[in-house]
Every structure is written in structure tokens, then in C-alpha cells.
Amino acid sequence: MQVLTGIKVLDLTKWLPGQYCTMVLGDFGAEVIKVEDLKGDATRQFQPQKSSDMSFWHLALNRNKKGLAVDLRSVEGRQIIRKLMLEADVVVESFRPGIMTKMDADYETIKKLKPSIIYCSLTGFGQTGKYKNMPAHDLNIVGLAGITTLDMAGNAAVSPVQVSGIGGSMNAVTGILLALLARERTGVGQYIDIGLYNSALNFEVTSIAALFGQLEVDGEAGAERIGHYYNLYQTKDDRYLTVGTIEPKFWRELCLLIEKPELSEHQFDFQHSAKLRSILKETFLTKTLAEWVALIGKKEFCVTPVLSLEEAMASEIASESGLLTKRSEEWGDTSYLKSAIKLSATPATIERRAPYLGEHTEEVLRSLGYTEQKLLALKEQGII
């Protein structure tokens, strides 16, 4: 038995934050029912496609879920959602604030019928404030949060990792698990308000602490965390090395490696940081990435190559992580990335692939007491 066996989750989300959150819950044994409208989530059509209506994105994020497709604009469709909520332990939704109230399926309404319900809303800016209805994706949010900032060379970057999306997902998972624990003690559920913007700010806890400290002590913002001993350096073949020599012993090892021992005493010489970066920049440009890696050998002092994603997936360290796995599906072996949360007694598992659109609609509705005649009528009316 897994740790969340017996917990029923109703997934009313469409994008990465909600999909990843409920995937994690499903990986640890929760019964997750994923609800989509009759057109399906937009992410089903992302490229590349594994099969019809099954993008690799959808396949990766919606495993361990049952799929139900229903017209949420119809009265019957909304009645189905309410019935599912009353059967569920946890509801996760990602509609704009106010939409669930219009559907008569908001937390305040449902908790009157089921006080034990745990209800999580996962949105860009939370449920309150003047920005609550502002549309935004991860790139917008991390920009507003100060994450996509200009570096010392005047460059901004688009991260392939959706920082606020994954951060919001994990905050939602944490909130749900905390609420489940609280319910074990009190018997009462609660509402969880997760904003991606708030999650992005939380990721910057050390940077914000440093900024507050600089403003309080110096009266102005100081240098960024990037420095001569903590930076990226280009190699002769236009590749890059990461230099994270924060500890003095690591900095000294680096200075020996590049045959500049005279720099050993200048690790925290911030007055000459620009000059030191220039020296390191010129030095690393004298050899290729492979030459530097060979020179480093088995020494350990936080200087490592920057790998492409393809190189990273083919690396020994990725293989050793234990996260790469395959499952046999109807179309053949399919690669998956397992959960990074490793529990010794109740580990995560991948028990089923992502559902096709509406694949389990009839099964789910039968469990709610719908007869074959009623199911046929719902089909004819275009509700399921």
C-alpha cells in the first residue's frame, strides 16, 4: 500500500502547475480523476506527438490518472463535477478567481456539504488583490518576480524550466499534504490558495534577504551573487564551465588548476572582481571544454561542464540518479522520469499511462450511480 492509497483527488486543472501537482499525488497512490472539457487540455496538442491527442508533454504529466471529459458549461456537466467533489478528499482547480463560484462549486459552497474537503486553487496571483485576474504564464511571472533579471553582461535569459510553474506545483503538493495531516487530527478540511507569483518570490528567499540586508546596512543594493569565483566561463570551443568555488579551499584548488596561485588570496576581493573575472575569462578561453574536464580529472572543487539536455540525459550521473525508467505501453516501450522524492517504505510508482480524452468517463460516472440509459442520454446531448 502506498502512502496516499485511499485518497481521492479531483483534478480540474489544465496546465503544468496543476498537472504536475496531481501527478505527484498519483505517483504516491492517490486515485486521481482528471476532468477535461470535450475539446481536451490544450497541452494534448503540443508537439511532438506520441499518438493522436497524446503529446509527450501530456504523457509525462498525466500518468496515474483517470480521464473524464464533460461539458462544464452545461447544467448536467456541473452537477457531475459537484457529485465528484462530494466523493473526493481533495479538489485541485486552476480557473481564474470567481469561475468556480459561478459554477456553484467553490470551496465555501462545497464545504457546507462536506466539511472535510481539502480544496486547492492554483493560479497566477492568488485569490486576492488587484492582480488576481491578470493573465500570465511562467515567463511573465518570473519577470515580475525579479528572476529573469539582467546579468552583469546585460543579458536576460528565457529558462527552459518553468520556475514558478514547478514551484507552484510543489507548494500545492506541500499544502495538500499538510491539510491532509491536519484533517487526520481535526476531521476538518481547509482551503489552500497557491499563487505562482508568491511561489517565485519564495524561491528568491536568499536573494531577497541579501537585498534587504544591503539596503539596511549600505543604503543601496550591492553586487549580484555572480562573482569571479561563482560564474560561468566560456571555453575555447564555445562551450561553458560552471565555477562554483564558494569555499576558500575550492577557490585555492581552482587557482592551482589554472596555474595562477597568486590569485588565491583574492577570493573575496570584490573591489577588483571585474579584473579577476577578466583574468579567469581569458584563462578558460585557452582550452576546450574536453581539455579542461580532462585536466580537472577526479579532483573535486565545484568546477563542472555545462551540458546540453541531451548530454545530461546520456550522462552517468543521470543514469545513477535512478529517475530514468521505461514502461511497456500499447505503442511500445515509453521513457518516463520518475519522482525525485524517494521514500524507503512507500515509494512512488507509475501504474498507468496518461489517459486519452474521456477514456474513463463512463467508468467514473457508473461509480457515481449513473445508469446505462442515463449515460446514453448524456452522450446524445453532447454533455460527455
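Residue numbers run from 1 in the order of the sequence given.
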TODO: Answer yes or no: are there more than 12 heavy-atom neighbours, outside Ile317 itself, under 6.0 Å from its atom CD1?
DONE: no

Task: Arg73 CZ: over 12 foreign heavy atoms closer than 6.0 Å - done: no

Taking 4.0 angstrom as the limit, do [X] and [Y] come out as a salt bridge?
X: Lys66; Y: Glu359; value: no
X: Glu330; Y: Arg353; value: yes
X: Glu76; Y: Lys374; value: yes
X: Asp41; Y: Lys34; value: yes
X: Arg78; Y: Asp104; value: no
X: Glu311; Y: Arg239; value: yes
X: Arg44; Y: Glu36; value: yes

Can you check whether [X] reaches [Y] side chain to side chain, under 4.5 Å on heavy atoms?
X: Arg183; Y: Asp89; result: yes
X: Thr22; Y: Leu61; result: no
X: Phe203; Y: Val205; result: no
X: Leu72; Y: Leu38; result: no
X: Leu285; Y: Gln234; result: yes
X: Ile80; Y: Tyr370; result: yes
X: Val35; Y: Leu10; result: yes
X: Lys236; Y: Thr286; result: no

- [ ] Determine yes or no for a side-chain-to-main-chain donor-acceptor pair under 3.5 angstrom, with Gln267 supplying the side chain and Ile246 the backbone.
- [x] yes

Same hydrophobic cluster for [X] and [Y], using side-chain heavy-atom links shorter than 4.5 Å among ILVMFWY?
X: Tyr20; Y: Val92; value: yes
X: Met103; Y: Ile33; value: yes
X: Leu122; Y: Met85; value: no
X: Ile279; Y: Leu257; value: yes
X: Leu337; Y: Val163; value: no

Residues in salt bridge (Lys or Arg N to Asp or Glu O under 4.0 Å) contact with [X], at least two apart in sequence or another chain:
X: Glu262; value: none
X: Lys39; value: none
X: Arg252; value: none
X: Asp27; value: Arg63

- [ ] Provide the full list of ring pair (Phe, Tyr, Trp, His ring centres under 6.0 Å) pairs with a residue in residues 277-330, sequence neighbours left out, each pair given once.
- [x] Tyr233-Phe284, Phe284-Trp292

Task: Contact list for residues 51-104, test ring pair (Phe, Tyr, Trp, His ring centres under 6.0 Å), sequence neighbours left out - done: Phe46-Trp57

Between [X] and [Y], a side-chain donor and acceptor under 3.5 Å:
X: Thr349; Y: Gln2; result: yes
X: Arg352; Y: His360; result: yes
X: Asp53; Y: Gln45; result: yes
X: Ser199; Y: Asn202; result: no
X: Tyr119; Y: Lys114; result: no

Over all heavy atoms of both residues, which pair between [X] and [Y] is shortest? Give the atoms and the distance, please.
X: Leu16; Y: Ser169; value: O-OG, 3.8 Å
X: Ala136; Y: Phe125; value: CB-CE1, 3.7 Å
X: Tyr356; Y: Ser51; value: OH-OG, 3.2 Å

What residues, two or more places apart in sequence or in another chain, satisfy side chain to side chain donor-acceptor pair (under 3.5 Å) together with [X]?
X: Glu329; result: Arg327, Tyr336
X: Thr334; result: Trp331
X: Ser94; result: none
X: Lys379; result: Glu362

Quick one: pull up [atom1] in [X] and [atom2] in [Y] and give me the separation to the nearest 0.5 Å.
X: Thr109; Y: Arg82; atom1: OG1; atom2: CZ; result: 7.0 Å
X: Ser339; Y: Leu323; atom1: OG; atom2: CG; result: 8.0 Å
X: Ser335; Y: Lys326; atom1: OG; atom2: NZ; result: 3.0 Å
X: Leu68; Y: Leu84; atom1: CG; atom2: CG; result: 6.5 Å
X: Leu241; Y: Asn231; atom1: CG; atom2: CG; result: 11.5 Å
X: Leu256; Y: Lys299; atom1: CG; atom2: NZ; result: 9.5 Å

- [ ] Take Asp37 and Val70, measure what side chain to side chain contact (heavy atoms under 4.5 Å, CB included) needs, and give me the verdict at the end.
- [x] CA-CA 5 Å; Asp37 60 30; Val70 61; over 6 Å; no

TODO: State which residues pass ring pair (Phe, Tyr, Trp, His ring centres under 6.0 Å) with His272; sequence neighbours excluded, sorted by chain then number.
DONE: none

Open item on the list: Connecting only ILVMFWY residues whose side-chain heavy atoms lie within less than 4.5 Å of each other, what is the rest of Val75's hydrophobic cluster?
Closed with: none

- [ ] Would you please classify the geometry between the Trp15 ring and the His137 ring as parallel, tilted or perpendicular, with 30° and 60° separating the classes?
- [x] perpendicular

Open item on the list: Is the ring pair Trp251/Tyr229 parallel, tilted or perpendicular, if the boundaries are 30 and 60 degrees?
Closed with: perpendicular

Open item on the list: Go through it in stages, so that I can follow the logic: the residues are Ile194 and Ser121, the test is side chain to side chain contact (heavy atoms under 4.5 Å, CB included), and I'd like the CA-CA distance, side-chain angles, deciding distance and then a yes or no.
Closed with: CA-CA 6 Å; Ile194 301 294; Ser121 294; over 6 Å; no

- [ ] Mind running side chain to side chain contact (heavy atoms under 4.5 Å, CB included) on Leu86 and Lys83 for me, showing each step along the way?
- [x] CA-CA 5 Å; Leu86 297 180; Lys83 289 179 180 179; 5.9 Å; no

Open item on the list: Working note: Glu253 + Thr245, criterion side chain to side chain contact (heavy atoms under 4.5 Å, CB included); need CA distance, chi angles, decisive distance, verdict.
Closed with: CA-CA 9 Å; Glu253 286 286 337; Thr245 53; over 6 Å; no

